[in-house]
Amino acid sequence: MSSKYMHSDRLAADVPAKMPQADKAHEFMMSRTYSSPGNFDCSIGRPMRLAEIFVAAEHALKKTISNPDLQKILSSVENFEQKYMELTKGAADNYHHSWWKRYGVVLDGEIAAVCFKRGNFDLAAKSYEKVCALYAGEGWEDLLAEVLPSLAECQKSLNDEAGYLLSCVRLLSLDKGLFLSKERQAFQSEVVSLAHNEMTNHVPLDVSSLITFSGNPGPPMALCDGDTGTLSVTVWSGFPDDITLDSLTLTLMATYNADEGGKLRNSNATVLKPGRNTITFPLPPQKPGSYVLGVLTGHIGQLTFRSHSFSKGGPADSDDFMSYEKPTRPILKVFKPRPLADLSASISSALLINETQWIGIIAQPINYSLKGAVLHIDTGPGLIIEESHSIEMESYKKAGQGSVGTANSGDATKDSSAAAKDCSPAADKHFEQLCLVSGKIEFPDWASDVSSILWIPIRAIDDKLARGSSSGAPEKQSIVDRMRTIALKLEFGISKNQIYDTTIALHFSDPFHVSTRVANQCNDSTLLLQVTLHSQVNATLSVYDAWLDLHDGFTHAGQGNGRPISAFFPLVISPSSRAGLLFCLCLEKRTAEEKLYPLTLPHTYDKQSISCFTDENNVPPENILNIRYEIAGDRTIGAHP
């Protein structure tokens with residue numbers, strides 16, 4: 001090479017000294033212009049080929065480098081790369097042991113690139129993971145987008161399913177502008193394809209950077225203890241296309257302790273669209289307390305994913321949906337157990353025995369909806385429901401539930417009058433007739449949030465004949481003798497899981513209690529029998545007829561049939577009052593061997609059949625008092641027609 005340049009210098013020296021400089025330049029340019037490789041007569045040699053340059057440079061380099069080790073390193077690409085790896089790894093280790101760890105990680109990237117080129121994917125993946133961890137921690141997404149695809153290729157070559165899926169998710173989580181739409185769709189296709197077709201085992205995957213969730217804005221959902229419901233949750237998807245989730249599970253966390261609450265499962269396939277989605281979960285009964293969102297898990301094929309990232313809950317068109325702060329606002333509040341409804345009898349005493357009577361059952365919601373409520377009715381022994389009558393239901397309002405105001409002393413009379421009408425139905429009431437089906441009735445919609453009263457036609461059965469007393473005052477009867485019970489079970493709530501059970505005791509009685517006494521006994525065996533009728537119901541009784549059926553040994557005096565004078569009827573008896581009747585009887589003549597029985601008076605009402613008495617057990621025959629009457633009462637206060 002040096003000889004050629006020298007030849008050129010000689011050509012310049014042969015030029016006459018007096019020649020102008022421009023002419024010399026022209027002659028030089030002409031000589032180079034018309035020279036060619038085929039013109040061997042030209043004084044300038046041909047250009048060197050690339051192979052010749054490489055050989056000449058290598059020869060010159062060998063003469064320049066005197067170190068045999070360095071010459072060996074530069075003798076081949078493999079030797080050079082090996083020495084480069086040793087030097088770079090040593091420098092990286094020194095950086096890692098000092099405070100310059102970032103520089104060490106950068107050199108790890110250089111090592112990973114060489115390992116990747118050589119096909120040593122295991123070492124390359126380990127080095128790339130260090131680099132990706134640094135770039136992700138510093139938020140250098142541009143640099144991460146350059147290195148992460150190489151890490152994914154290494155994991156795919158190593159058949160590392162979990163690592164490869166995680167890298168694909170991380171690539172999808174990067175800023176959308178770093179990759180083309182087709183590239184992002186290819187990343188998603190890799191995830192879906194591997195999850196459904198190629199995976200051999202269930203692989204857990206954290207998608208917190210790609211799928212986030214939050215509760216809906218507004219106050220938390222409020223439920224009573226034992227209630228079920230439907231919880232709505234907003235889920236944001238960072239996938240570029242729609243993706244189908246085979247199942248979703250949402251865990252609730254109690255705010256008062258570290259225990260997990262219930263797990264809400266949506267077993268149906270759910271399609272997440274890019275951006276904002278609203279997902280509903282069936283909510284089973286939860287323990288009382290406040291709950292926040294916990295963890296969102298689900299399945300895509302054999303892929304199990306998990307997200308614990310909470311969204312900011314911004315507007316629907318907002319792309320800024322990531323937030324790693326745990327929400328403090330409860331999404332659900334479950335109140336402690338409390339009474340939600342009440343069932344009671346409007347009147348439970350002094351109802352007529354053996355007669356159809358209406359009993360009023362007051363159904364009262366206590367700050368809770370009774371929409372769709374079902375009432376089960378079960379009568380106890382000796383009590384039947386008269387199915388020939390419909391069950392009536394009407395709105396109900398107690399006295400004092402009207403307008404709220406301040407009472408003064410002048411309202412005392414009005415208050416006492418209102419208290420007397422405590423069981424009256426509302427003035428502007430709803431009314432509906434219901435049918436009993438399989439022992440239950442369903443509440444109408446209007447009864448969901450107002451108090452109502454059910455009128456159920458029943459009849460208490462008692463085959464025993466009422467017995468009178470021979471004293472002036474009525475005998476005290478056991479309250480248990482004419483007691484009947486009716487069992488009620490109210491099912492209400494969203495899924496009928498709220499239950500209210502109660503048993504109501506009802507007391508039935510005869511309209512009268514009869515007491516007798518002999519007012520006067522004459523010498524001619526004539527008796528003047530006084531019969532006193534004591535009213536036992538809160539209603540007005542009108543007696544239209546009364547007569548005696550006498551057993552052997554007694555006869556009616558004179559030519560009468562044993563009835564009082566008809567002009568005395570109707571005999572009106574007010575509630576809790578009494579009235580008297582007089583009967584004139586004669587004693588039949590008996591032999592000395594015949595026994596005279598005392599005068600006792602069982603009695604029947606309303607021309608009911610008279611029971612037959614025998615004396616097989618030495619029981620004396622009895623006299624029967626028959627009373628035909630009518631009753632004028634109100635079912636809201638007691639006995640009634």
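This is a predicted model, so every value here is computed, not measured.
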When rounded to the nearest 0.5 angstrom, what distance separates CZ in R635 from CD in E392? 4.5 Å
Using a 3.5 Å distance criterion without hydrogens, assess whether the side chain of Q536 forms a donor-acceptor pair with backbone atoms of D510. yes
Starting from the C-alpha separation in whole Å, work towards a yes-or-no answer on ring pair (Phe, Tyr, Trp, His ring centres under 6.0 Å) for F492 and F443. CA-CA 10 Å; F492 57 102; F443 280 25; 9.2 Å; no
Just so I know, are the side chains of L283 and L332 near enough to count as touching, which here means a heavy-atom distance under 4.5 Å? yes
Considering all heavy atoms, the nearest L264-P284 contact: CD2-CD, 3.6 Å
Side chains of F569 and V543: does their closest heavy-atom pair fall under 4.5 Å? yes
Chi angles and distances behind the side chain to side chain contact (heavy atoms under 4.5 Å, CB included) call for F512, R578: CA-CA 9 Å; F512 310 100; R578 58 185 179 176; over 6 Å; no
To the nearest 0.5 Å, what is the distance between CZ on F583 and OG1 on T516? 11.0 Å
Would you call the rings of H513 and H534 parallel, tilted or perpendicular, taking 30° and 60° as the class edges? tilted
When rounded to the nearest 0.5 angstrom, what is the spacing between CD in E355 and CZ in F508? 11.5 Å
Atom of Q364, atom of S451 and distance for their closest heavy-atom approach: CG-OG, 3.3 Å
Contact check, side chains of P641 and E630, non-hydrogen atoms, under 4.5 Å: no
Locate the shortest heavy-atom distance separating S307 from F213; write the atom from each residue and the value. O-CE2, 3.4 Å
Just by modelled atom types, is the S290 backbone N or O under 3.5 Å from a matching donor or acceptor in the T255 side chain? yes
Do R338 and I366 have side chains that approach each other closer than 4.5 Å (heavy atoms only, starting at C-beta)? yes
Are S509 and V537 close enough that some pair of their side-chain heavy atoms sits under 4.5 Å apart? yes
Ignoring hydrogens and angles, tell me if any N or O in the side chain of S348 forms a donor-acceptor pair with the backbone of A345 under 3.5 Å. no
Before you tell me yes or no, could you show the steps for S495 and T228 under side-chain hydrogen bond (donor to acceptor under 3.5 Å, both in side chains), namely the whole-Å CA-CA distance, both residues' side-chain angles and the distance that decides it to 0.1 Å? CA-CA 7 Å; S495 58; T228 61; 2.7 Å; yes
How close do E394 and F431 get, counting heavy atoms only, and between which atoms? OE1-CD1, 3.8 Å
Begin with the C-alpha distance, continue with both residues' side-chain angles, and end with the deciding distance and a verdict on side chain to side chain contact (heavy atoms under 4.5 Å, CB included) for L375 and I377. CA-CA 6 Å; L375 179 64; I377 305 173; 4.1 Å; yes
Between the side chains of K371 and D445, is the shortest nitrogen-to-carboxylate-oxygen separation below 4.0 Å, so that they form an ion pair? no
Is there a side-chain contact between Y629 and S542, using heavy atoms and a 4.5 Å cut-off? no
Is the backbone N or O of V374 less than 3.5 Å from a side-chain atom of H376, with the two atoms forming a donor-acceptor pair by type? no
Check S452 against W446 and note the closest heavy-atom contact, atom names and distance. CB-CZ3, 4.1 Å
Report yes or no: does R459 contribute a side-chain atom to a donor-acceptor pair with the main-chain N or O of G382 at less than 3.5 Å? no
L571 vs L581, side chain to side chain contact (heavy atoms under 4.5 Å, CB included): CA-CA, chis, key distance, verdict: CA-CA 10 Å; L571 179 62; L581 298 173; 4.0 Å; yes
Go through the steps for D342 and Y500 under the test side-chain hydrogen bond (donor to acceptor under 3.5 Å, both in side chains), then give the verdict. CA-CA 8 Å; D342 182 66; Y500 180 84; 3.2 Å; yes
For the backbone of R484 and the side chain of H507, can you confirm whether one donor and one acceptor N or O come within less than 3.5 Å of each other? no
Do any N or O atoms from the side chain of N266 and from the backbone of P282 form a donor-acceptor pair under 3.5 angstrom? no
Could you walk me through whether L541 and V572 pass the side chain to side chain contact (heavy atoms under 4.5 Å, CB included) test, one step at a time? CA-CA 6 Å; L541 300 169; V572 179; over 6 Å; no
Minimum side-chain heavy-atom gap L352-I631 below 4.5 Å: yes
Side-chain donor/acceptor of K496 to backbone N/O of G372, under 3.5 Å: yes
Is F281 close to R265 at the side-chain level, that is, under 4.5 Å between some pair of heavy atoms? no
Nearest 0.5 Å, what's the CD1-CD1 distance between I458 and I486? 6.0 Å
Any donor-acceptor N/O pair, S395 side chain to H430 backbone, under 3.5 Å: yes
I'd like to know if K489 and E491 make a salt bridge, using a cut-off of under 4.0 Å between side-chain N and carboxylate O. yes
Assess whether side-chain hydrogen bond (donor to acceptor under 3.5 Å, both in side chains) is satisfied between D549 and N626, documenting all intermediate values. CA-CA 8 Å; D549 294 326; N626 301 273; 2.8 Å; yes
Atom pair CG/CG of D501 and L343 - distance to nearest 0.5 Å: 9.5 Å
Testing I359, I361, T636 for side-chain contact (heavy atoms from CB on, under 4.5 Å) with W455, which one passes? T636
Can you tell me how far the CD1 atom of I391 sits from the CG atom of L454, to the nearest 0.5 Å? 7.0 Å
Looking only at heavy atoms, what is the nearest atom pair of A539 and G633, with distance? CB-CA, 3.8 Å
